[in-house]
Each structure stands twice: as structure tokens, then as C-alpha cells.
Amino acid sequence: MQQYELFGKPTFELQPRGGASEPRLWVRRIVLKADSETTIRDIALKPGLNVIWSPDSAGEAERIGHGGGKTTLCRLIRYCLGEKTYGPHDQVDSVASKFLNARVLAEVRLDGSTWLISRPLSATRGDFAMLGEDVTDCEWSLEPTGIQRFRDAAITAFLGQSALLLPNSIPADERWLAVLAWLTRDQECRFSHLLEWRSPDSGSQSPVSGRNRSQDDRLATLRVALGMLGPEEIQATQRRNEIASQLAVNRSELANVNWHIARLKNGVLSRLGEKGQDDISRLQLHELERRTSEHLVKIRSADDGRLITRLREARAEFERAATERGRLEEAARSLEAQIALHELEAKVARSEIPELSAQNVKASTPICPVCKVAIDKVRAEGCGIALTQCDLDALAASLADARNRAESATATAVALRRQQDGLKYQIATATQTTDRLRDLQERLELEASHRSELVRLAERAADVVQDLRHELEEAERLFKKVADLEQDQDELTTSLAEYRQQNAGVVQMVSERFSAIFSHLVKTNGRSSVRLDGNGLQVKASADGTAITSFAVVLFDLATLTLAMEGRTRHPDFLLHDSPREADLGRSLYSEIFRFAQSPEDVGPSPLFQYIITTTTEPPEKYRNAPWLRLQLQGSPEEDRLFRVDL
């Protein structure tokens with residue numbers, strides 16, 4: 001056993017796992033190549049602490065640290081460790097526009113073997129993952145192997161059969177990516193929470209990334225990696241989640257049924273002339289059945305058939321009266337036509353009389369057209385000129401006939417008018433009779449309709465009571481179902497608490513390690529801890545503030561890293577933090593991260609971990625140089641950027 005001191009003060013004993021000479025997982029080398037012949041960067045990394053520094057800007061004349069490419073380098077390391085992409089689409093497009101055939105190469109040590117990883121930075125040929133020694137010796141002409149073989153090897157190495165404990169929502173071929181997300185947190189998450197690992201803005205396509213992703217997936221991943229989650233608890237959690245879903249559905253259905261019961265009950269009571277009640281029992285239901293049945297019998301007995309008989313008779317009388325009025329109106333229309341015909345005949349005859357009268361006068365005293373002497377005189381004295389004789393008798397007969405026809409037609413029309421006046425009186429009387437009978441029929445029909453509606457409502461009330469019975473039975477079933485589910489949920493909650501208690505030893509181990517580190521670095525009188533309860537895994541720091549929160553997250557990751565060195569968790573000895581300093585975190589406290597992270601290098605024959613940290617804040621002077629400073633980047637000039645160009 002080796003005594004381990006944190007900066008001179010013994011706080012815990014760090015006993016490296018036996019027989020180990022290097023981290024189980026670490027990145028030995030990262031190479032950026034513009035093409036098969038042109039190398040942009042060749043970055044050597046080592047076990048232990050690795051610092052990537054982009055100095056902060058101190059003034060307008062200073063070089064800018066941001067934009068140098070440290071976050072891109074972190075994403076490229078993640079990319080070589082199996083992540084689906086190395087950045088958002090616009091970043092990938094920017095790189096591809098400058099380097100059409102660029103690739104990132106990596107030498108990754110996994111359980112003593114070297115994996116050679118080659119992945120494209122643009123839309124070129126696919127991924128390579130194979131065993132070897134020097135990644136630059138890989139032939140680009142080989143057929144791509146894909147990156148999945150490395151992912152499978154990594155998840156098998158660190159989780160083994162425990163990978164099956166990860167949530168089903170994480171696809172089997174992406175389980176390693178869930179663990180990798182914890183080991184290589186996004187800078188965009190700002191170390192704000194223990195379980196915030198991947199921001200959707202980073203474009204990582206991680207299975208635990210996204211605002212709609214359940215935090216339970218990340219919690220389960222973390223607990224599996226730390227060995228504090230067993231299959232019994234997972235099954236109990238899944239069952240409790242299923243019950244919670246079923247409870248929500250059944251409670252919603254029960255609420256709907258109760259609302260329907262209240263509506264049916266109030267409807268029945270309103271038909272009985274009563275107000276609604278807050279609740280209804282089985283006894284009250286039986287009473288409602290009795291009363292609605294009696295109400296239906298009463299309504300039906302009120303109709304003894306006389307109303308229908310009266311209505312039938314009224315309809316028959318109305319039809320007879322309407323028929324008689326129709327007959328009279330038709331006779332009146334016939335008389336009107338005859339009157340018009342006789343009046344026309346009289347008018348025509350009268351129009352002939354003046355002409356016939358004139359002809360008769362002229363014929364009785366004609367003037368000779370030759371001698372201009374009255375024809376009567378000529379006839380008396382004799383005239384040998386006239387050739388024809390005038391028939392005065394015929395003319396007189398025609399005139400008399402016209403006068404007779406006019407008088408006869410007029411007399412007939414007058415007689416018909418008198419008949420018409422009699423018919424009008426009869427029609428008026430018939431109209432009064434039909435109107436009276438129509439009103440009687442409509443009143444009887446309205447009364448019959450009202451009685452029919454009362455019967456229908458009484459029948460409906462009886463039917464509604466039966467509906468109410470069925471709804472009450474359904475409500476009782478749902479109530480029992482909800483009660484049973486709630487009991488199951490309570491039992492599972494108790495079981496989960498017991499399962500968490502079974503893992504209390506692991507939680508306590510992590511808590512003690514975290515508390516020892518935090519208490520030494522942050523001088524407070526309070527006690528820090530890690531707690532697992534119904535709300536998940538909680539880190540309690542003995543100080544407040546956003547900076548302390550992010551600092552506590554960093555120290556939690558480092559605490560689990562030291563436990564991995566001892567072989568006490570499934571953690572792969574690898575950690576990458578991208579710019580973990582919050583603006584209000586004191587520089588002296590921030591510097592302690594570097595000192596603490598480097599100190600375990602002295603435990604054992606060689607460092608059993610790899611911790612890569614990027615920073616814009618200048619690290620302590622010791623770590624601004626080799627062997628810890630592995631790369632220094634600048635935002636300008638462009639030669640000092642990661643890709644040596646302005647993207």
C-alpha cells in the first residue's frame with residue numbers, strides 16, 4: 001500500500017491496481033493530415049496530465065486565445081474515440097471547404113493494445129479502426145473497416161456484461177458513446193450539472209444528447225460505470241416507470257368517468273325536479289332506478305288514448321272541410337269564367353248595334369249617286385238608272401238580333417253574378433271552418449308531441465340510470481386499479497430505496513473521495529458529499545456559487561478517475577475537460593486543478609490515468625512547459641491555429 005498525499009496533507013491512500021503500467025484507455029497521438037502526404041499537426045500525448053493552452057487576450061495588441069481550435073481538438077479526440085461527428089454542420093463544412101481530403105488519425109491505447117484510428121474530416125472515404133503501432137503507416141487505399149469495431153471493443157473492455165444494464169433507450173451499438181459523453185463533457189454544458197454532458201449545439205449526435213433526452217439515461221450510465229447500479233434496481237425502475245405511465249392513464253380515465261357520472265346523475269335528478277349531489281352511492285342508485293321507473297309508468301298512464309282519437313277525428317274533419325272549401329272555390333272559379341264569357345258576348349253584340357242602326361237608316365232613305373235625289377222620290381216618280389234594290393227588312397232583322405243577343409248575355413251575366421255572391425258567402429264560411437279545425441288539429445298535435453316528449457324523456461331517464469350503473473361499475477374498477485398501482489408503486493419505491501442502500505458502499509466510497517479532495521482544495525468548515533436518493537445522484541458542495549458548482553463537477557470527475565486507478569470502478573482511466581473554469585472562479589483555486597491532476601502521476605511505476613485539459617486561463621507556471629504542456633494554440637496569426645488556417 002502506498003501513502004498518497006494531496007499537496008503534503010494526507011487525506012486518503014491511493015493504492016494503484018496491481019500489475020498495471022499504463023491507463024486502460026489513453027490517446028497517444030493525434031495527427032491532422034490535409035492529404036496522404038501533407039501533415040498539418042502531429043500532437044503527441046502522454047499518460048497523466050496533458051495541457052492544451054490558448055492564452056487569453058490581455059489587450060487589443062495581444063494575440064487572442066479564443067478561436068485557436070482547442071474545443072475543435074477536443075471534439076476531434078472524441079471523434080477518434082468513436083463519436084459520430086466532430087462538430088456542427090457549419091464547422092464540418094468550413095473544414096471541408098479548406099481541406100477536401102483531410103483526415104484525423106489517432107493512436108489509441110486500449111488495454112495494452114494500440115488501435116489505429118483514421119476518420120475523414122470531409123465527405124471522403126470512410127472510417128478505419130484496426131490494430132497496429134504507427135497510424136501514419138496506414139494505407140489510405142484500404143477498404144474502410146468502420147468505427148463500430150472500436151466502439152464494441154471499448155464497451156466490452158470497460159462494462160462487459162454490465163453494458164446490458166444501460167437503458168434500452170440507448171441503442172446497443174451506441175452504448176460506448178453514452179459512457180464517452182461523461183468522460184468528455186461538452187464545453188457548451190459549462191460543467192453546470194453532474195449529469196449535463198452533451199449540448200445539442202455541439203452537433204455530437206450522442207445518444208444522451210438533446211433537451212428532450214431523459215436525465216435518467218445519463219444517471220443510469222454514470223451509475224453503471226461506477227458500479228452502483230444492479231439489474232434488480234434497473235428492473236424495478238423500469239417497472240415503476242411503467243406503473244407511473246399506467247397510473248397517469250388510469251387516473252385520467254377515472255377523472256373522465258367521474259365527470260361523466262356527475263353529468264348523468266345531474267341529468268336524471270333534473271328530470272325528477274331535484275338538484276344534483278356531490279356523490280352517489282349504490283343505495284342512491286337503486287333509489288334512482290325505482291323512482292325513474294315509477295315516473296315512466298306515471299307518464300305513460302297519463303295518455304289513455306283519447307288524445308290520439310281526438311287528433312284522428314280532428315284531422316278527418318279538417319280534411320272534409322278543406323275538401324268542401326276546395327269544391328266551392330272551384331265552382332266560384334267556373335262561374336267567374338262563365339260570367340266573363342257572357343259579358344264578352346254582350347260587349348260584342350253591343351258593338352254591332354251602332355253600325356247596323358246606321359245601315360238601316362241609310363237604307364231607308366238612300367241618295368242616288370247620279371242624280372242626287374232621294375231614292376224614295378225616285379221610286380215614287382220612277383228612275384231608270386238604279387240597278388239593285390235595298391232589302392230594308394233584312395237590315396231591320398239584323399239590328400233586332402244584335403239587340404236581343406246583347407240583352408240576353410247581359411241578363412245571363414247578372415244572374416251568374418248573383419250565384420257568385422252566394423258562393424263567396426259559402427267560401428267564407430268554409431274558410432272559417434277549416435281555420436278553426438286547423439287550429440284544433442295543431443293544438444292537439446302539439447299536446448300529443450309534448451306528451452310523446454315526456455314519455456321519451458322518462459324513458460331516457462330510465463336508460464341514463466342504467467348508463468349510470470355501468471359508469472359506476474367502471475369507476476369502481478378504475479379506482480381499484482389505481483389503488484393497486486399506487487400500492488405497487490409504493491412497494492417499488494421501498495424496494496428501490498433498499499437497492500440504493502445495497503449500493504451505499506460504492507456511493508460512500510465516491511462520496512468520501514470527493515469530500516477529501518474538495519475539502520482540501522476549498523478551505524471551508526462544511527462537509528461535501530455525494531448522495532444517491534430518489535432524486536438521483538447529487539453532489540453537495542460545502543460552498544455556494546456557480547463557479548463552485550462547476551468546480552465541484554470537475555472534482556467529482558477527478559475523484560472517480562482516482563478510484564479508477566485503484567480498479568474500484570469501471571471507469572476507463574481517461575478524462576477530457578474543455579475549459580472548465582467559470583469566470584468567477586478564483587485563479588488560485590483554478591490552479592489547484594492542475595496541481596491535483598498532476599500529483600497522481602507519482603503513484604506507481606507510471607501514471608495510470610490520462611487527463612486532458614484545455615484552458616484559456618494561463619495554468620500554473622510549472623504546467624506551461626513540457627512534459628505537461630502538449631500544445632499551445634492562438635487565434636492569430638492563423639499559423640498558430642489548430643488547422644494553421646482561418647476557417
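The residues of the chain are indexed from 1 along the displayed sequence.
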Does the [X] side chain pair with the main chain of [Y], one donor and one acceptor, at a distance under 3.5 Å?
X: Arg641; Y: Leu633; answer: no
X: Thr221; Y: Asp217; answer: yes
X: Arg149; Y: Gly146; answer: no
X: Thr569; Y: Leu226; answer: no
X: Asp186; Y: Glu188; answer: no
X: Arg218; Y: Ala181; answer: no
X: Ser515; Y: Ser528; answer: yes
X: Arg630; Y: Ala44; answer: yes
X: Arg223; Y: Met228; answer: yes
X: Ser209; Y: Gln205; answer: no

In terms of side-chain heavy atoms, does [X] have a donor or acceptor partner in [Y] at a distance below 3.5 Å?
X: Trp176; Y: Asp152; answer: no
X: Thr38; Y: Asp35; answer: yes
X: Thr615; Y: Arg581; answer: no
X: Trp628; Y: Glu601; answer: yes
X: Thr562; Y: Arg513; answer: yes
X: Thr39; Y: Lys33; answer: yes
X: Ser579; Y: Lys70; answer: yes
X: Arg624; Y: Gln632; answer: no

Do [X] and [Y] come within less than 4.5 Å of each other through their side chains, counting heavy atoms only?
X: Trp26; Y: Asp573; value: no
X: Val603; Y: Leu608; value: no
X: Leu183; Y: Asp557; value: no
X: Leu194; Y: Phe556; value: yes
X: Arg41; Y: Val31; value: no
X: Val108; Y: Leu25; value: yes
X: Trp182; Y: Leu575; value: no
X: Asn101; Y: Ser122; value: no

Under the side-chain contact (heavy atoms from CB on, under 4.5 Å) rule, collect the residues that match up with [X], sequence neighbours excluded.
X: Ser245; answer: none
X: Arg190; answer: Gln187, Glu582
X: Ala236; answer: Leu492, Leu496, Tyr499

Using a strict 4.0 Å threshold on nitrogen-to-oxygen distance, state whether Arg28 and Glu133 make a salt bridge.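 Glu133 and Arg28: salt-bridged.
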Asp646/Lys98 ion pair, N-O < 4.0 Å: no
Tell me whether the count of non-hydrogen atoms from other residues, nucleotides or ligands lying under 6.0 Å of CZ in Arg527 goes above 12.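 Counting other residues, nucleotides and ligands, CZ of Arg527 stays at 12 neighbours or fewer.
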CG of Asn168: more than 12 outside heavy atoms within 6.0 angstrom? no
Per-pair distances, 0.1 Å, donor-acceptor, side chain in residues 79-88, under 3.5 Å, sequence neighbours excluded:
residue: Tyr79; atom: OH; partner: Pro120; partner atom: O; Å: 2.8
residue: Glu83; atom: OE1; partner: Arg198; partner atom: NE; Å: 3.2
residue: Glu83; atom: OE1; partner: Arg198; partner atom: NH2; Å: 3.1
residue: Glu83; atom: OE2; partner: Arg78; partner atom: NE; Å: 3.0
residue: Glu83; atom: OE2; partner: Arg78; partner atom: NH2; Å: 3.0
residue: Lys84; atom: NZ; partner: Glu174; partner atom: OE2; Å: 2.6
residue: Thr85; atom: OG1; partner: Gly87; partner atom: O; Å: 3.4
residue: Tyr86; atom: OH; partner: Leu121; partner atom: O; Å: 2.7

Where at least one partner belongs to residues 94-121, residue pairs that pass ring-ring contact (aromatic ring centres under 6.0 Å, His included), sequence neighbours excluded: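 Those involving residues 94-121 are Phe99-Phe643, Trp115-Phe150.
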If you take the centroid of each ring, where Trp contributes its six-membered ring, are His571 and Phe158 closer together than 6.0 Å? no
Proximity of Phe596 and His520 rings by center, below 6.0 Å: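 Ring centres of His520 and Phe596 not closer than 6.0 Å.
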Pairs meeting criterion salt bridge (Lys or Arg N to Asp or Glu O under 4.0 Å) with involvement of residues 111-121, two or more places apart: Arg24-Asp111, Arg119-Asp127
Have a look at Ile612 and tell me which of Asp578, Leu73, Ile77 forms a side-chain contact (heavy atoms from CB on, under 4.5 Å) with it.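 Exactly one pass, corresponding to Ile77.
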Quick one: do Glu639 and Arg644 satisfy salt bridge (charged side-chain N to carboxylate O under 4.0 Å, His left out)? Show the steps, please. CA-CA 4 Å; Glu639 175 64 23; Arg644 302 191 187 279; 3.0 Å; yes
